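Here's the structure, in structure tokens; my notes come after.
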Amino acid sequence: MGKKSKGSRKGKKAWRANISTAEIEDFFEKSIKDALSGGSLSAVPSDSLFVVDKSRDLSVKRKIEKRREKVLYCDSMLTKNPFVQAVPSSVNKKSKKKPEEASSVKEISQDGPKVGMLDLWDDKGEVRSKKISKKSKPSIIPAVEVEPPGCSFNPSHESHQDVLAQAVAQEMQKVYRNELGPAPVPLTVPGEVICEEDMLFLDADNNTDDEANLDEMGQDEDNELEKRPLKMRRVTRVELNKRARHKEKVRKEAEAKKLEGISKEIDSLPDIIQEIAKEDKERENRRIRRTIAKQERLKSCPPRLGKHKFEPAPVQVLLSEEITGSFRKLKGCCTLVRDRYKSLEKRGIIAPTAKSRRK
């Protein structure tokens with residue numbers, strides 16, 4: 001007979017031994033923690049769990065304000081004087097960047113050119129450059145000056161004589177300025193040879209001058225010795241009181257005189273106000289005259305730009321013998337380039353240069 005087969009080991013008793021109790025243990029641990037902390041959070045309303053904190057952190061705010069109100073010692077020294085203004089620093093201006101520019105640069109680098117942005121490169125590969133418009137200061141002097149009718153090739157007699165007289169007057173002014181001006185300092189001074197007899201006379205004069213100076217010094221010393229007091233006497237209390245009373249009297253007289261002067265000035269206030277108004281009016285008239293004179297001066301000559309001054313070109317007028325009345329008989333002269341160059345100098349576009357004389 002064979003052996004009897006054993007029954008299955010997984011019976012009801014084995015089933016009870018293999019049941020997991022982890023969930024039960026976790027539940028008990030959670031209930032214990034909730035009991036120790038004050039109860040389960042699932043049963044607590046949300047209003048008691050979440051609270052909006054409206055209090056301010058004064059310590060952090062105080063630190064920020066303290067940092068913001070910090071002033072350098074040099075700036076504090078300058079702010080004490082109300083007439084001295086501190087120069088703003090240029091380092092902060094350089095370091096600061098506009099947030100719009102930085103964001104635009106990032107967008108271009110990441111996503112490429114977008115709608116509304118400036119595309120530097122066209123489809124054809126040409127560069128787009130912004131047109132920079134430089135506003136030049138307009139000159140009072142016109143670019144092309146119209147000469148008077150007396151400078152034409154066939155002028156009338158009266159207009160020609162007027163322009164000719166003006167040209168002669170300009171030339172005569174230059175001549176008179178050179179003649180009546182101060183003489184230049186000579187580089188060398190011519191000298192003459194002195195004879196021996198004259199040298200003896202000069203030496204004798206020098207000796208007499210020295211002796212006279214010594215005599216005068218001796219007389220001054222004698223006078224000082226005579227004026228010096230022989231004996232120092234003691235000042236009494238009566239004299240000291242007398243000096244103090246005299247000093248107090250002089251001080252009171254000075255104060256009374258000062259008060260009298262102040263009262264006179266107060267009485268003469270209307271006259272002083274009129275004088276101030278008159279001075280202001282004269283000052284304003286002088287300012288207007290200076291501005292008008294400056295404008296007139298700018299019309300005739302440009303501002304000083306370089307080392308040399310501007311010299312206007314002579315009037316291009318024909319002499320009476322050169323007037324022929326015909327273009328064919330007119331004397332040829334190439335003055336167009338020179339005229340344009342003088343116009344540029346007169347308008348202050350280029351600096352005047354020295355005269356270049358050809359050897």
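These numbers were taken from a predicted model, which means no experiment stands behind them.
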Practice prompt. Give the intermediate values and the outcome of side-chain contact (heavy atoms from CB on, under 4.5 Å) for residues Tyr341 and Ile350.
Written response: CA-CA 9 Å; Tyr341 189 78; Ile350 59 176; 3.5 Å; yes
Fill in: Path from Val163 to Leu319 over hydrophobic side-chain contacts below 4.5 Å
yes
Worksheet item: Between Val144 and Val146, is there a shared hydrophobic cluster once you connect ILVMFWY residues whose side-chain heavy atoms come closer than 4.5 Å?
Response: no
Practice prompt. Apply side-chain contact (heavy atoms from CB on, under 4.5 Å) to the pair Leu269 and Glu265, showing each step before the final yes or no.
Written response: CA-CA 6 Å; Leu269 272 177; Glu265 288 179 357; over 6 Å; no
Fill in: Ion pair check, Lys346 and Glu145, cut-off under 4.0 Å
yes
Discussion item. For Ala167 versus Val317, what's the shortest heavy-atom pair and its separation?
Written reply: CB-CG1, 4.2 Å
Worksheet item: Are Ile141 and Ile349 connected in a single hydrophobic cluster, I mean Ile/Leu/Val/Met/Phe/Trp/Tyr linked by side-chain heavy atoms less than 4.5 Å apart?
Response: no
Worksheet item: Measuring from His160:NE2 to Ser320:OG, what's the distance to the nearest 0.5 Å?
Response: 5.0 Å
Worksheet item: Could you give the distance from CZ (Arg290) to CG (Asn285), rounded to the nearest 0.5 Å?
Response: 11.0 Å
Discussion item. I want to check something: taking the side chain as every heavy atom from C-beta on, are Val168 and Glu171 in contact at a cut-off of under 4.5 Å?
Written reply: no
Worksheet item: With the 4.5 Å side-chain cut-off for hydrophobic clustering, are Val315 and Leu164 part of the same group?
Response: yes
Practice prompt. Please assess His246 against Arg243 for the test side-chain contact (heavy atoms from CB on, under 4.5 Å), listing each intermediate value before the final yes or no.
Written response: CA-CA 5 Å; His246 180 69; Arg243 290 178 184 176; 5.6 Å; no
Worksheet item: Is any side-chain heavy atom of Pro352 closer than 4.5 Å to a side-chain heavy atom of Glu345?
Response: yes
Item to complete: To the nearest 0.5 angstrom, please state how far the CG atom of Asp162 sits from the NE2 atom of His157.
Response: 9.5 Å
Worksheet item: In terms of side-chain geometry, is the basic nitrogen of Glu284 or Arg287 positioned less than 4.0 Å from the acidic oxygen of its partner?
Response: yes
Worksheet item: Are Leu344 and Leu336 co-members of a hydrophobic cluster defined by side-chain heavy atoms under 4.5 Å apart?
Response: no
Fill in: Separation between CZ of Arg340 and OG of Ser343, rounded to the nearest 0.5 Å
4.0 Å
Discussion item. Would Glu255 and Arg251 count as a salt bridge (charged side-chain N to carboxylate O under 4.0 Å, His left out) here? Give the steps.
Written reply: CA-CA 6 Å; Glu255 289 181 357; Arg251 187 180 64 80; 2.7 Å; yes
Fill in: Closest non-hydrogen atom pair, Phe310 against Pro302
CD2-CD, 3.5 Å
Discussion item. To the nearest 0.5 Å, what is the distance between CD1 on Ile273 and NZ on Lys278?
Written reply: 16.0 Å
Item to complete: Output the distance between atom CD (Glu248) and atom CD (Glu253), rounded to the nearest 0.5 Å.
Response: 11.0 Å
Practice prompt. Count the heavy atoms of every other residue, nucleotide or ligand shown that sit under 6.0 Å from CD of Glu282, and state whether that count exceeds 12.
Written response: yes
Practice prompt. Apply side-chain contact (heavy atoms from CB on, under 4.5 Å) to the pair Glu239 and Thr236, showing each step before the final yes or no.
Written response: CA-CA 5 Å; Glu239 291 182 356; Thr236 60; 3.6 Å; yes
Discussion item. I'd like to know if Lys33 and Glu29 make a salt bridge, using a cut-off of under 4.0 Å between side-chain N and carboxylate O.
Written reply: no
Worksheet item: Got a donor-acceptor contact below 3.5 angstrom from the Ser159 side chain to the Pro155 backbone?
Response: no
Fill in: Salt-bridge contact Lys342-Asp339 (side-chain N to carboxylate O under 4.0 Å)
no
